[in-house]
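Data block below; observations after.
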Amino acid sequence: MAASDGKELTMSRAMVDAIAHEMRESDDVFVMGEDIADYGGIFDSTQGLLDEFDRDRIMDVPISETAFLGAAVGAAQSGMRPIAELMFVDFFGVAMDQIYNQMAKNTYMSGGSVSVPMVLMTAVGGTYNDAAQHSQTLYGTFAHLPGMKVVVPSTAYDAKGLMHAAIRDDDPVVFMFHKRLMGIGWMPAPEGPKTAVPDEDYTVEFGEADVKREGDDVTVVTLGLHVHRAIEAAEDLADEVDVEVVDLRSLVPLDTETIVESVSKTGRLVVVDEDYRSFGVSGEIIARAAENGLSDLTAVERVTMPDTPIPYARPLEQEVNPGTDDIIEAVRSVNDE
Amino acid sequence: MSEDLVPVDSAAVWPEDAQDVTEAIVANWFVREGSDVEEGDTIAEIQIEKVSVDVPAPATGELVERLVDETEEFERGDALARIRPA
């Protein structure tokens, strides 16, 4: 059945589609992680793969991030194409040497004699009251450290295309998926991430931002879950402000050109990021816009998490996590300047 | 007209080990009303407590009506949708 018939996939199924396809194409592709086999990934990122592939290729591992991410780096350097799932991005700390000193740098440190073609797949984001050690996005942390490509899908279509591209890439790719976009029963997704997805394989190239909604008055640059919040805000504001929504889709490489083009049209920029405010994506986007088109900039605002651990209590988390209302307020504010 | 429609019976996909549970939610629809489906295609996903279960189309034809919305609760045995066989 063609996708145009109206068949739609959740983001998790779209990712699994891409992984299964690449595993059928090449025996070098395999998945390892905590609860990724029998359980199918706690956010459904590997659901159903064990039905088709054996346990040598869909591999549950003990709680041992340093060991299994290190094993993935070694397998990648030896010519395989591992996909290793770090269950929550927040757990990167215990394995940072493997991620940052080995996975990200070994190509450089070896003078190019080895490459590390692995995917580090990890769940990010809050909004479901899971406290400070299970709710971060940390986009900026991984994008800041050189050597890793970093991708962040917001729709099922993009997730499948980015996953195909990530597995085929000869460099390490960090694939950061927001839990609330996956389509899990107990954590309903907003309108938007479930999209028509072609059955066949295709790639979404890294470094190509997507204008998810066109507009002339204010540019909103964002990624992941907040693409959908920004679109909702834009629709609410449609009678008073014409908002353009730019979905970055990848942070490394970053599509500066699309951002600058949009800002040169609108002159007003709002950056929305579920990551912390300081030293992160929001500051980087504003810096690039300023470096490349300062004279076009009339007004700038950023809507982010404050620089504080993410609260467990529902009302407190809702208060700090950027909501549609916060985006509306920021858009109105820059539009009035 | 309606007697020709094939119901998508939720009881048909209820797991053996969840027979004492009587309620579930529709987690996801993958097919819009008015779309064509083939017998065996996964058309929806339901969640029974913490277990996700795929719902295959019982017949080839057009999915004319969804009877339960996403995130809405239903009882075992409720029809989830109706298909007009091709």
Side-chain angles (χ1 to χ4, degrees), chain A residues 1-18 20 35-52 87 127-128 130 155-157 159-160 177-199 228, chain B residues 8 10 13-15 17-18 21-66 68-76 78 80-86:
Chain A
M1 192 175 64
S4 56
D5 277 355
K7 187 168 185 189
E8 299 178 323
L9 292 186
T10 56
M11 212 168 88
S12 65
R13 282 175 189 259
M15 287 163 56
V16 168
D17 228 38
D35 284 335
I36 61 102
D38 295 279
Y39 197 76
I42 61 164
F43 300 109
D44 289 354
S45 55
T46 54
Q47 195 184 38
L49 289 172
L50 188 59
D51 295 339
E52 183 176 345
M87 186 185 270
T127 74
Y128 68 112
D130 210 2
T155 67
Y157 181 90
K160 179 171 170 174
F177 62 84
H178 198 292
K179 298 151 199 162
R180 187 164 289 286
L181 296 177
M182 296 293 272
I184 302 160
W186 54 271
M187 195 170 20
E191 289 282 322
K194 193 189 294 173
T195 60
V197 174
D199 287 336
H228 305 286
Chain B
V8 178
S10 60
V13 295
W14 218 268
D17 54 6
V21 184
T22 57
E23 290 171 341
I25 63 161
V26 171
N28 284 293
W29 279 108
F30 301 122
V31 180
R32 292 183 187 160
E33 289 181 349
S35 295
D36 291 337
V37 296
E38 279 186 36
E39 186 176 346
D41 271 359
T42 299
I43 56 170
E45 179 184 47
I46 63 173
Q47 187 156 343
I48 303 169
E49 293 194 327
K50 283 191 171 176
V51 177
S52 292
V53 179
D54 283 357
V55 180
T60 298
E62 178 196 348
L63 189 136
V64 290
E65 190 184 10
R66 296 177 184 173
V68 185
D69 288 334
E70 280 182 2
T71 73
E72 195 183 330
E73 202 168 85
F74 62 90
E75 296 203 359
R76 184 179 61 208
D78 285 354
L80 302 175
R82 293 199 181 95
I83 292 171
R84 177 178 293 122

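Proteins come first, then strands; the chains are lettered A, B, ... in the order of their sequence lines, and each starts at number 1.
Heavy atoms of other residues, nucleotides or ligands lying less than 6.0 angstrom from CD of Glu23(B) number more than 12. Residue-environment remark: CD (Glu191(A)) stays at or below the threshold of 12 foreign heavy atoms within 6.0 Å.
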Tell me, with the steps shown, if Trp186(A) and Lys50(B) meet side chain to side chain contact (heavy atoms under 4.5 Å, CB included). CA-CA 8 Å; Trp186(A) 54 271; Lys50(B) 283 191 171 176; 5.7 Å; no
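Between Phe30(B) and Thr10(A), the closest heavy-atom pair is CE2-CG2, 3.6 Å. Residue Ile25(B) comes nearest to Gly185(A) through the heavy atom pair CD1-O, 3.6 Å, listed as atom of the first residue, atom of the second, then distance.
Screening Asn28(B), Thr42(B), Asp54(B) against Arg13(A) for a side chain to side chain donor-acceptor pair (under 3.5 Å) leaves a single residue, Asp54(B).
Residue Glu8(A) holds its CD atom at 12.5 Å from CH2 of Trp29(B), rounded to the nearest 0.5 Å. Rounding to the nearest 0.5 Å places CD of Gln47(A) at 5.5 Å from CD of Glu45(B).
For Glu33(B), no part lies under 4.5 angstrom from a heavy atom of chain A.
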